[in-house]
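Take a look at the structure below.
Order of the sequence lines sets the chain letters (A, B, ...), proteins ahead of strands, with each chain counted from 1.
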2 protein chains.
Amino acid sequence: MNLKELSSKLGLSQTTVSRALNGYPEVSEQTRARVLRAAEQHGYRPNTRAKGLATGQSMAIGHVIPVSTRHEIVNPIFGDFIAGAGEVYARAGYEMVLTVVDDSNEAQVYRALRARAAVDGVVVHSPQIREPRIALLTDIGLPFVVHGRSSDETAGYSWVDVDNRRAFVRATTFLLDLGHRRIGLVNGLETMDFAHRRRRGYEQGLAARGITPDPALMRSGEMTEALGFEAARDMLAGPAPPTAFLAASIISALGIRRAAEAAGLRVGRDLSIVTHDDELSYLRNGGATPIFTATRSSVHTAGRLAAEMLLQQIGGDVTSPRQILLEAELVVGESTGPAPALARMFDTAKD
Amino acid sequence: MNLKELSSKLGLSQTTVSRALNGYPEVSEQTRARVLRAAEQHGYRPNTRAKGLATGQSMAIGHVIPVSTRHEIVNPIFGDFIAGAGEVYARAGYEMVLTVVDDSNEAQVYRALRARAAVDGVVVHSPQIREPRIALLTDIGLPFVVHGRSSDETAGYSWVDVDNRRAFVRATTFLLDLGHRRIGLVNGLETMDFAHRRRRGYEQGLAARGITPDPALMRSGEMTEALGFEAARDMLAGPAPPTAFLAASIISALGIRRAAEAAGLRVGRDLSIVTHDDELSYLRNGGATPIFTATRSSVHTAGRLAAEMLLQQIGGDVTSPRQILLEAELVVGESTGPAPALARMFDTAKD
DNA sequence: TGGGAATTTGAAAGCGCTTTGGACCCGTTG
DNA sequence: CAACGGGTCCAAAGCGCTTTCAAATTCCCA
């Protein structure tokens, strides 16, 4: 059923039917009602492409998912981010177009999306410290919102990010307050902007107490369980092992816990772990009392906010770039406790 | 730059340029070369929507992601499946359109996709035992491939699935051979077809050795870490605790391990765990020797195969439904060992 | 050398929608 | 009573592409 058929069935012109359906005022309320009823009844939906051609809008938002050629890893936060954004798109009548591309020729993909007029805007995922995509998109005039930020980018652009630096300063300080002095960092890939900021937060937290970061206690890479395990295993086997860890995600934290247990250490007593928690739906950090002490910020919410911001931008409601900086909350769970040396002192005192 | 501009710049008609670009034979090789060069140089890309309107093809595949209203969980395998499918689409020049929808009104979404001619076909995710979507899609004539199967569906349709039943028979038998008699099952939601089949495999494996499944040792739900933990904790606290577990995913297996360690049990010695492993990129099951003994089958591959199958179907190369049943391999890792009773006997014998 | 076939190109219609520029009707006003 | 204006509706153009049908050109061989 298309417009032509529907309008001939109604004995009206396509013009009138189109206007009735799209809420234009120059249609009598009576005919509008009649049109709406008929459309409903026949399950009429305007053809997406025809509508797009006519209006010049595609009613679609692009998400380009970079899959690193070396690691072949899909960011685990992706599903939840998409779910958050998808809700917004669905409500607004937008579609979400996904492109999986190996990160070597991402630029091409954006240019193609633009040239083919396939989308009205894009969400930029996983920005690096130096992020050429921002200049590229600005250049070709494709509206965009970045999930995260790019430290080296000076021009204004829209983004939604968590205050990663601050979160890791707080997490570090929290561990220092518990008496930990040797704190291992199992970070994400430090070419990624968020990981870079977390690293800075960690270092600033230590520096504030006059502690120089020990390179032997810092590791970065893709946020997998395996990385967490290997990093923790190696550090724990070192000459001066850490008494606490800072992890970039619950997944790496699970790896750290495995290493701890393999080393005969009890998490929360012999070894403390603080992790960042993206509140992934399939990896909830426990119930009433969290498993891990964590800096927590919902990536689902971030997806929602990014999508809303982008739609506003496309709608022209907003002209200048907007930014949202989300604050991560520090929730205390069962994975942290006083540093072992102190703990022993307490035990002695009690005797 | 559109066709009109490009062709006027070349001093050719739109017809000729279009034909040259699309590889039609009725163009001299000389002009074709000239056209291709100019197109390349000006970065010309045909407008997706206009092309779609003209050809009647949308060059897009839909993926409808159901987010259960109750659980608000995005299937963690989703990212990797999409990555596999996305590669195929990219190569074939297709786009991937994602729709996130709460499972209550999925049917509407499919109808809408069809009516608006937004996609040329869809991949059906997470089929249930009784799956109305199959009849619906057949009915409205939208080509589709199911990732998984629907036990109650008798009509022929295309699918890509793992032999879940067989995998779980083998896993169960493997544990029985190690002397385990009480084996806990931490399954996915058993309205889901895959979980249903795994359950059957588990029961068949037990039955083959004359063991009646104990309802106290079976639990099902969303495959989260928390579910694994709670299920294992509860079963281990019961009057006749299991000596081994079968898990539906590495994520639940991690939860089981946490419960084991909380109960002071050493995984691989005091308690065995076999899990299904979808080979998620961010949850690799260890390196040389797997962490978990597992039935292994790549969901990334499944995504690739499903996409290829669907494109063939749309291309008309294939007319009748096709099916691919993947075999899961059983890989032995560090999470399994002889049942404790036997282990003790061995120890005694050694003395 | 002429005519039919083969090769190469183009004009125009059409895909399904929106939107411009009128047309028509009717009530109001000077 | 003519002029005006608001309320409804429609014909047709146009979005950027493909494809049909036809025309123009070249080629080949009787």
Side-chain angles (χ1 to χ4, degrees), chain A residues 1-36 38-39 42-60 93-95 112-120 315, chain B residues 1-36 38-39 42-60 93-95 112-120 315:
Chain A
M1 170 71 54
N2 59 22
L3 229 209
K4 189 146 96 180
E5 291 163 21
L6 181 65
S7 41
S8 86
K9 194 157 297 209
L10 279 162
L12 288 168
S13 73
Q14 297 190 35
T15 312
T16 304
V17 175
S18 169
R19 286 210 260 245
L21 256 21
N22 291 304
Y24 283 81
E26 53 275 79
V27 178
S28 76
E29 282 314 314
Q30 188 191 339
T31 34
R32 187 192 305 281
R34 202 159 67 90
V35 169
L36 286 175
H42 293 92
Y44 168 77
R45 306 273 184 146
N47 181 301
T48 311
R49 293 186 304 276
K51 187 161 186 163
L53 233 207
T55 59
Q57 288 218 304
S58 64
M59 296 302 279
Y94 274 76
E95 265 161 12
L113 283 176
R114 174 58 168 172
R116 296 181 321 189
V119 298
D120 294 333
Chain B
M1 170 72 52
N2 59 23
L3 228 209
K4 189 146 95 181
E5 291 164 20
L6 181 65
S7 41
S8 86
K9 193 156 299 208
L10 279 162
L12 288 169
S13 72
Q14 296 190 36
T15 311
T16 304
V17 175
S18 169
R19 284 207 265 244
L21 256 22
N22 291 304
Y24 283 81
E26 53 274 77
V27 178
S28 76
E29 282 313 314
Q30 188 192 339
T31 35
R32 188 192 304 283
R34 203 158 67 89
V35 169
L36 286 175
H42 294 92
Y44 169 76
R45 306 274 183 144
N47 181 301
T48 310
R49 294 187 303 276
K51 186 161 188 164
L53 233 207
T55 60
Q57 288 217 305
S58 64
M59 296 302 279
Y94 273 76
E95 263 161 14
L113 283 176
R114 175 58 168 174
R116 296 181 321 190
V119 298
D120 294 333

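Counting atom types as modelled, B/Arg19 pairs a side-chain N or O with a base atom of C/dG10 as donor and acceptor under 3.5 Å. You'll find a donor-acceptor pair under 3.5 Å spanning the side chain of A/Thr15 and the base of C/dT19, going by distance alone.
Panel note: side chain B/Arg32, backbone B/Tyr24; a donor-acceptor pair is recorded below 3.5 Å. Side-chain atoms of B/Ser7 never come within 3.5 Å of backbone atoms of B/Ser13 as a donor-acceptor pair (strictly under, hydrogens ignored). The main-chain N or O of A/Gln14 is never found under 3.5 Å from a side-chain atom of A/Ser18 such that the two would form a donor-acceptor pair.
D/dG16 atom P lies 13 Å from atom CE of B/Met1, rounded to whole Å. Atom P of nucleotide C/dT18 and atom CG of A/Asn2 are separated by 12 Å, given to the nearest angstrom. Atom CG of A/Leu21 and atom P of C/dG16 are 16 Å apart (whole Å). In this structure, the CD atom of B/Glu26 is 16 Å from the C1' atom of C/dA5, given to the nearest Å. Taking atom CZ of B/Arg45 as the reference point, atom P of D/dC17 lies 13 Å away to the nearest angstrom. In this structure, A/Gln57 places its CD atom 22 Å from P of C/dG16, rounding to the nearest Å. Between the OH atom of B/Tyr24 and the P atom of C/dT7 there is a distance of 18 Å, rounded to whole Å. Distance, B/Leu12 CG to C/dT7 P: 19 Å, rounded to whole Å.
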Could you walk me through whether B/Lys51 and B/Asn22 pass side chain to side chain contact (heavy atoms under 4.5 Å, CB included), step by step?
-> CA-CA 11 Å; B/Lys51 186 161 188 164; B/Asn22 291 304; 3.3 Å; yes
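Closest approach to the A/Gln14 side chain among C/dT18, C/dT9, C/dC15 is made by C/dT18 (side chain taken as heavy atoms from C-beta onward). Here C/dG10 is the nucleotide among C/dG10, C/dC17, D/dT18 with the atom lying nearest to any side-chain atom of B/Ser13. Comparing C/dG16, C/dA11, D/dG16 against the side chain of B/Ala50 picks out D/dG16 as the nearest. With D/dC17, D/dC15, D/dC9 as the choices, the nucleotide that has an atom nearest any side-chain atom of A/Ser28 turns out to be D/dC9.
Among the atoms of the strands shown, base atoms are found under 4.0 Å from some heavy atom of A/Ser18.
OP1 or OP2 of D/dC9 sits under 4.0 Å from a side-chain N or O of A/Thr31. For C/dG16, the OP1/OP2 oxygens have no side-chain nitrogen or oxygen of A/Tyr44 closer than 4.0 Å. Distances shorter than 4.0 Å separate none of the side-chain N or O atoms of B/Thr16 from OP1 or OP2 on C/dT9. Dashed line: the shortest gap from a side-chain N or O of B/Lys51 to OP1 or OP2 of D/dG16 is not under 4.0 Å. Regarding contacts with the backbone of D/dT18, a side-chain N or O of B/Asn22 is found under 4.0 angstrom from either OP1 or OP2.
In this structure the side chain of B/Leu3 reaches within 4.5 angstrom of the side chain of B/Val17, judged on heavy atoms.
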